[in-house]
Visitor: 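Have a look at this one.
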Amino acid sequence: MARITAGVATSHVPAIGAAIDQGKTDSDYWAPVFAGYDFAKDWLRRQKPDVVILVYNDHASAFSLRLVPTFAIGCGTEFAPADEGWGPRPVPPVKGHPDLAWHMTQSVIQDDFDLTVVSEMAVDHGLTVPLSLMFGQPDAWPCRVIPLAVNVVVYPPPSGRRCFMLGRAIRRAVESFDEDLNVQIWGTGGMSHQLQGPRAGLINEEFDRAFLDRLVSDPDGLSRMPHIDYVREAGSEGIELVMWLVMRGALDDEVRELRRFYHVPASNTAVGHLILENP
Ligand code: DHB
Ligand code: FE
């Protein structure tokens, strides 16, 4: 049987990808950010997940106003890095796990969650930056990755509650897959940031730290926070944090917190990172 053994949360700032790709990780500005992920790299070398379900949002790279799926699952065999305006990032293509992805699709849809099935799509910084932060710069990513895209770009985003319950449905799906697989689920994006309008540059450390606390110890309560509270307190792009609740919903109610990291600033946002294990 496949099992979800752990969950990871991490921001996905595009400038982090640029810093890696341009060899600037040792600079005074970036070194503290990357040092925050040394623990994760070491932990992953020991964990050796077979599959990562990577919950992220597309930033108008694969989707646009022509097509806005609330939840989309990548069922294809391979996903290439997107060209976000400077050419595709020089990172390996992502290898999918079509059998598990199709099983998840069947299970989750019949469990009352609508997923859009995607066979081909380019994956942007929302997905590739977390892989780079967690795995460094290998020639090939060391595990399969199932992209799960959540719309948080075009209003209306799904509620935190729906994301949390989707996580629960994903767990039921994985645990009914008849193959021994070590599966992790990662929630990405956030933390507080606003990239536009009069409040551009907003960062709310108090909100972020409370969010980290509640994600660990009060996920059910946190999942009931209305979307307007994210926007008001964490900025218009802070709504990306609902994706962390998909990850959290797929774990036990009580989890072991292995790692917490918080750093401000990185580009226009606060970087937050957690590793949670099912006991
Ligand atoms: C930035 C962009 C993002 O998509 C994000 O999630 C965080 C930060 C930025 O440009 O700083
Ligand atoms: Fe983003």
Side-chain angles (χ1 to χ4, degrees), residues 8-22 24-25 27 29-30 32-34 36-37 54-65 68-72 74 79 81-86 88-89 91 94 121-134 145 147-158 160 163 186-205 207-208 211-212 215 227 230-231 233-247 261-274:
V8 170
T10 177
S11 305
H12 65 209
V13 191
I16 291 178
I20 296 170
D21 302 342
Q22 295 169 14
K24 294 181 183 162
T25 54
S27 70
Y29 185 84
W30 288 113
V33 174
F34 291 101
Y37 287 81
L54 208 157
V55 184
Y56 76 109
N57 70 288
D58 177 77
H59 302 73
S61 305
F63 304 125
S64 68
L65 284 174
V68 186
T70 300
F71 298 117
F79 304 92
D83 183 347
E84 298 179 64
W86 297 270
R89 288 194 60 214
V91 293
V94 168
M121 66 177 167
V123 286
D124 73 11
H125 71 269
L127 184 137
T128 63
V129 165
L131 287 173
S132 297
L133 278 170
M134 298 292 294
V145 176
L148 200 132
V150 178
N151 168 47
V152 288
V153 169
V154 180
Y155 187 85
C163 289
W186 297 5
T188 75
M191 295 195 84
S192 57
H193 64 302
Q194 172 145 346
L195 303 177
Q196 57 194 315
R199 296 202 306 162
L202 177 147
I203 287 176
N204 184 344
E205 178 162 350
F207 173 94
D208 288 340
F211 191 91
L212 292 167
L215 193 75
H227 109 269
Y230 289 86
V231 176
E233 300 297 326
S236 51
E237 278 67 48
I239 189 66
E240 289 183 342
L241 286 168
V242 293
M243 296 184 289
W244 293 24
L245 284 162
V246 181
M247 174 276 283
F261 174 63
Y262 184 76
H263 177 86
V264 175
S267 186
N268 301 298
T269 183
V271 168
H273 166 51
L274 284 172

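Heavy-atom basis, side chains included; hydrogens, waters and symmetry copies ignored. We count ligands from 1, going down the list as the structure has it; atoms in each ligand are counted the same way.
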Visitor: Check for me whether E237 has a heavy atom closer than 4.0 Å to any atom of ligand 1.
Guide: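 Distance cut 4.0 Å: E237 fails for ligand 1.
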Visitor: Considering only the protein, which heavy-atom contact is closest to atom 3 (C) of ligand 1, and what is its distance?
Guide: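 Checking every protein heavy atom, the shortest distance to atom 3 (C) of ligand 1 gives P14 CD, 3.5 Å.
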Visitor: Take M191 and L241 through the test side chain to side chain contact (heavy atoms under 4.5 Å, CB included) and record every step on the way to the result.
Guide: CA-CA 6 Å; M191 295 195 84; L241 286 168; 4.1 Å; yes
Visitor: Would you call the rings of H273 and Y37 parallel, tilted or perpendicular, where under 30° means parallel and over 60° means perpendicular?
Guide: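 The arrangement is parallel - the two ring planes meet at less than 30°.
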Visitor: Considering only heavy atoms of H59, which atoms of ligand 1 have at least one such atom less than 4.0 Å away?
Guide: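 Matching atoms, with element in brackets: 4 (O).
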Visitor: So is A15 touching ligand 1 or not, going by heavy atoms under 4.0 Å?
Guide: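 Under 4.0 Å: no for A15.
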Visitor: Go through it in stages, so that I can follow the logic: the residues are F261 and H263, the test is side chain to side chain contact (heavy atoms under 4.5 Å, CB included), and I'd like the CA-CA distance, side-chain angles, deciding distance and then a yes or no.
Guide: CA-CA 7 Å; F261 174 63; H263 177 86; 3.6 Å; yes
Visitor: Are H193 and E240 close enough, and set up right, to give a side chain to side chain contact (heavy atoms under 4.5 Å, CB included), and what steps lead you there?
Guide: CA-CA 9 Å; H193 64 302; E240 289 183 342; 3.3 Å; yes
Visitor: What I'd like to find out is whether the side chain of L133 reaches to under 4.5 Å of the side chain of I16, using heavy atoms alone.
Guide: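 Yes, close enough: below the 4.5 Å cut-off.
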Visitor: Do the side chain of S11 and the main chain of G190 share a donor and acceptor less than 3.5 angstrom apart?
Guide: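 Checked: pair present.
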Visitor: Give the residue, atom name and distance (to 0.1 Å) of the protein heavy atom nearest atom 7 (C) of ligand 1.
Guide: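 Looking only at protein heavy atoms, the one closest to atom 7 (C) of ligand 1 is H193 NE2, 3.1 Å.
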Visitor: Of all the non-hydrogen atoms in the protein, which one sits nearest to atom 10 (O) of ligand 1, and at what distance?
Guide: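 Nearest protein contact, heavy atoms only, for atom 10 (O) of ligand 1 is N268 ND2, 3.6 Å.
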Visitor: Suppose I only count heavy atoms of H125 and a 4.0 Å limit; which atoms of ligand 1 are within that range?
Guide: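 So the answer, numbered in order with elements, is 3 (C), 4 (O).
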Visitor: Less than 3.5 Å apart, any donor N or O on the side chain of S236 or Q196 sitting next to an acceptor on the other?
Guide: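 Looking only at side-chain atoms, Q196 and S236 do form a donor-acceptor pair, the distance falling under 3.5 Å.
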Visitor: Please report which non-hydrogen protein atom sits nearest to atom 11 (O) of ligand 1, along with the residue it belongs to and the distance in Å to one decimal place.
Guide: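 So the nearest neighbour among protein heavy atoms is S267 OG, 2.7 Å.
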Visitor: Distance alone, cut at 3.5 Å: any donor-acceptor contact between the side chains of N204 and S192?
Guide: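 The criterion, which ignores hydrogens and geometry beyond distance, is not satisfied for S192 and N204.
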Visitor: Using a cut-off of strictly less than 2.8 Å, determine whether H12 has an N/O/S atom near the Fe ion (ligand 2).
Guide: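 True for H12.
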Visitor: Is E240 in polar range of ligand 1, meaning some N or O pair under 3.5 Å apart?
Guide: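 It does: an N or O of E240 is found under 3.5 Å from an N or O of ligand 1.
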Visitor: Let me check your reading of the structure: within less than 2.8 Å of the Fe ion (ligand 2), is there an N/O/S atom from E240?
Guide: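 Checking E240: at least one N, O or S atom is under 2.8 Å.
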Visitor: Please say which of V123, T128, L54 ends up in a side-chain contact (heavy atoms from CB on, under 4.5 Å) with V145.
Guide: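 Result: among V123, T128, L54, L54 is the only option passing the side-chain contact (heavy atoms from CB on, under 4.5 Å) with V145.
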Visitor: Quick one: which ligand 1 atoms are inside 4.0 Å of a heavy atom on H12?
Guide: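 So the atoms of ligand 1 that pass are 4 (O), 5 (C), 6 (O).
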Visitor: Among the N/O/S atoms of H59, select the one at the shortest distance from the Fe ion (ligand 2) and name it.
Guide: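 The Fe ion (ligand 2) is closest to the H59 atom NE2, counting only N, O or S.
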